[in-house]
**Q** 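Mind having a look at this structure? Questions to follow.
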Amino acid sequence: MEMLFGFLVLLACLLVGVRHGGIGLAVISGIGLVVFTFVFQYKPGTPPIDVMLTILAVVTCAGFLQTSGGLTVMLKYAEQFLRSNPKQITILAPLTTWFLTVLCGTGHVVYTMFPIIYDIAIKQNIRPERPMAVSSVASQMGICASPVSVAVVSIIGFMAAAGYDYTVLQILAVSIPATGFGVLCAALWSYRRGKDLEKDPRFQEFIQDPENKKYVYGDVESLQGKSLPKEFYRAMFIFFGGILIIAVLGNFPDLLPHFAASADAKPKPISMTSVIQMVMLLVGAAILLTCNVKAKDVGNSQVFRSGIVALVSVYGVAWMANTYFGAHMTVLKEALGTAVAAVASYPWAYAIIAFVTSKLVNSQAAAIAIVVPMALGVGMDPVLIMSFISACYGYFFLPTYPSDLACIGFDRSGTTRIGKYILNHSFMIPGLIGVSTGCCMGFLMAHIVM
């Protein structure tokens, strides 16, 4: 009974915290911590310090990338690519936003792409909902395929803590094909979704007003033709160099420094979490010293602020969850022993848990911080955990995430929207297709690679 009450406290903190967003979720988790410690007399768990430090290093580097203009260069090339293939915007736009997230580690880069995608679609007389909704979904699916995302570095940290020394490339060899395939399937479905604009009575009625028509078909600001400073390009190449270094060192551990825990112990390579932290800080320093960046401006960048919110959220949620599950780990291992066996026969059970948790906490990183340590703690096969990495994106289920709301706002035609019944919104079917097909591909790749 006590275990049930504790779980209700955990669930209540998550539900209340979600209403207040990232940092709000973290501090509401503090209520659960106090209740568990002082009321239930649970021994406080341990926050995932290594994971948090890695997140901090990554978002700091990403903040330098945005402040230096390196991110602007990426967006310029992305726009150039899309405008050179306007007829295929429904397929190419989501692949582009997914790839940008893979490169940058955050889905927030999509905000700059929305007006570009809209402008291309409307001028080609393509229903803007088709490329825009799936592009919003794709930008979030790319998070678990990025070597510098909070979600991926969290998985690496939790796997390493559990004694599984998978390389960065092994993780990405599963997550990149899985999420990329899911995005492609969602894009193909979106190609003919909804009515064509000329057959949509709601749209045609809206543009009967000349002011509305001018609003719908008006131009947007473009990066094309703009000359960017050489420092912007330098920052981008430095960042790419850092990603390449992490990939090489992660796949070839013999290149890493080796240290022995004691005089008679065999030297072992330093952990990849430490390597990622060092390289990200090095990249940030290189950008600072060579790209005319003011360090004080980095803290005001959107990418840095969003990353810090994610860091604090992981801190509170993971600590609270660790305290609860740690207090009941013996019972959980016994009770979930049959569940683990069941997951081997019905592996979708873990995917559903990850999906629902992601929706509850509105964050892939926070969902991973909850479900991955618990799954590893009860002896679940890490291959299964990686198989369903796409399922960690479930917060599209309700259209409350900032990127989805921004997408609706940028679609001046009104075709991307929240439906009358809430759940019939523009992101539902692309999201379900992307996650389900991504899990299928992930299951295949994980059993080949890991």
Side-chain angles (χ1 to χ4, degrees), residues 55-84 92-93 95-120 135 138-140 142-143 145-150 153 219-247 276-311 402-403 406 410:
I55 293 171
L56 182 59
V58 168
V59 300
T60 299
C61 180
F64 274 99
L65 175 70
Q66 183 176 36
T67 306
S68 65
L71 181 57
T72 303
V73 177
M74 295 183 197
L75 295 173
K76 179 180 179 179
Y77 283 124
E79 179 183 353
Q80 181 179 336
F81 172 69
L82 292 179
R83 290 192 184 278
S84 64
L92 299 181
L95 292 175
T96 300
T97 58
W98 171 82
F99 186 61
L100 283 171
T101 298
V102 171
L103 291 178
C104 302
T106 173
H108 295 290
V109 295
V110 76
Y111 298 130
T112 307
M113 294 304 300
F114 281 145
I116 297 168
I117 296 169
Y118 172 80
D119 188 58
I120 296 172
S135 293
S139 70
Q140 300 304 314
I143 289 174
S146 171
V148 291
S149 73
V150 174
V153 299
D219 291 329
V220 301
E221 186 177 355
S222 171
L223 290 171
Q224 297 305 291
K226 288 187 176 181
S227 179
L228 301 177
K230 61 182 180 181
E231 290 83 5
F232 285 23
Y233 293 89
R234 187 182 303 143
M236 179 185 70
F237 288 125
I238 291 173
F239 182 75
F240 286 162
I243 293 177
L244 180 61
I245 290 172
I246 290 172
I276 293 172
Q277 292 170 27
M278 294 177 189
V279 174
M280 288 292 97
L281 291 176
L282 175 64
V283 169
I287 292 175
L288 172 66
L289 296 175
T290 64
C291 299
N292 195 27
V293 177
K294 293 181 179 179
K296 64 180 182 180
D297 294 336
V298 174
N300 295 322
S301 66
Q302 181 188 48
V303 170
F304 182 81
R305 293 199 307 269
S306 300
I308 292 300
V309 168
L311 168 63
S403 62
F410 279 114

**Q** Taking side-chain contact (heavy atoms from CB on, under 4.5 Å) as the definition, give me every residue that meets it alongside Phe99, ordered by chain and number, with sequence neighbours left out.
**A** Leu103

**Q** Applying side-chain contact (heavy atoms from CB on, under 4.5 Å), name anything that partners Leu281, two or more places apart in sequence or on another chain.
**A** Ala57

**Q** Quick one, Val283 with Phe64, criterion side-chain contact (heavy atoms from CB on, under 4.5 Å). Give me CA distance, side-chain angles, the key distance, then yes/no.
**A** CA-CA 9 Å; Val283 169; Phe64 274 99; over 6 Å; no

**Q** As an exercise, state the distance from CD of Glu79 to OG1 of Thr96, rounded to the nearest 0.5 Å.
**A** 11.5 Å

**Q** List for me each residue that meets side-chain contact (heavy atoms from CB on, under 4.5 Å) alongside Ala235, sequence neighbours excluded, and say none if there are none.
**A** Ser68, Ile287, Cys291

**Q** For Thr72 and Met236, run side-chain contact (heavy atoms from CB on, under 4.5 Å): C-alpha distance rounded to whole Å, both residues' side-chain angles, the deciding distance at 0.1 Å, then the answer.
**A** CA-CA 9 Å; Thr72 303; Met236 179 185 70; over 6 Å; no

**Q** Please confirm whether the backbone N or O of Ser139 pairs with a side-chain atom of Thr101, one donor and one acceptor, at under 3.5 Å?
**A** yes

**Q** To the nearest 0.5 Å, how far apart are CD in Glu231 and CD1 in Ile238?
**A** 10.5 Å

**Q** So, for Trp98 and Gly142, which heavy atoms are closest and what is the spacing to 0.1 Å?
**A** CD1-CA, 3.3 Å

**Q** Thr67: what forms a side-chain contact (heavy atoms from CB on, under 4.5 Å) with it, not counting sequence neighbours?
**A** Val293, Asp297, Val298, Ser301

**Q** Between Ile117 and Leu82, what is the shortest heavy-atom contact and its length?
**A** CG1-CD1, 4.2 Å

**Q** Give the intermediate values and the outcome of side-chain contact (heavy atoms from CB on, under 4.5 Å) for residues Thr60 and Met280.
**A** CA-CA 8 Å; Thr60 299; Met280 288 292 97; over 6 Å; no

**Q** List the atom of Leu100, the atom of Ala78, and the distance in Å for their closest heavy-atom pair.
**A** CD1-CB, 4.0 Å

**Q** Kindly give the heavy-atom pair with the smallest separation between Phe304 and Gly63, and that separation in Å.
**A** CB-CA, 4.1 Å

**Q** Which distance, rounded to the nearest 0.5 Å, do you find between the CZ of Arg234 and the CG of Asn292?
**A** 9.5 Å

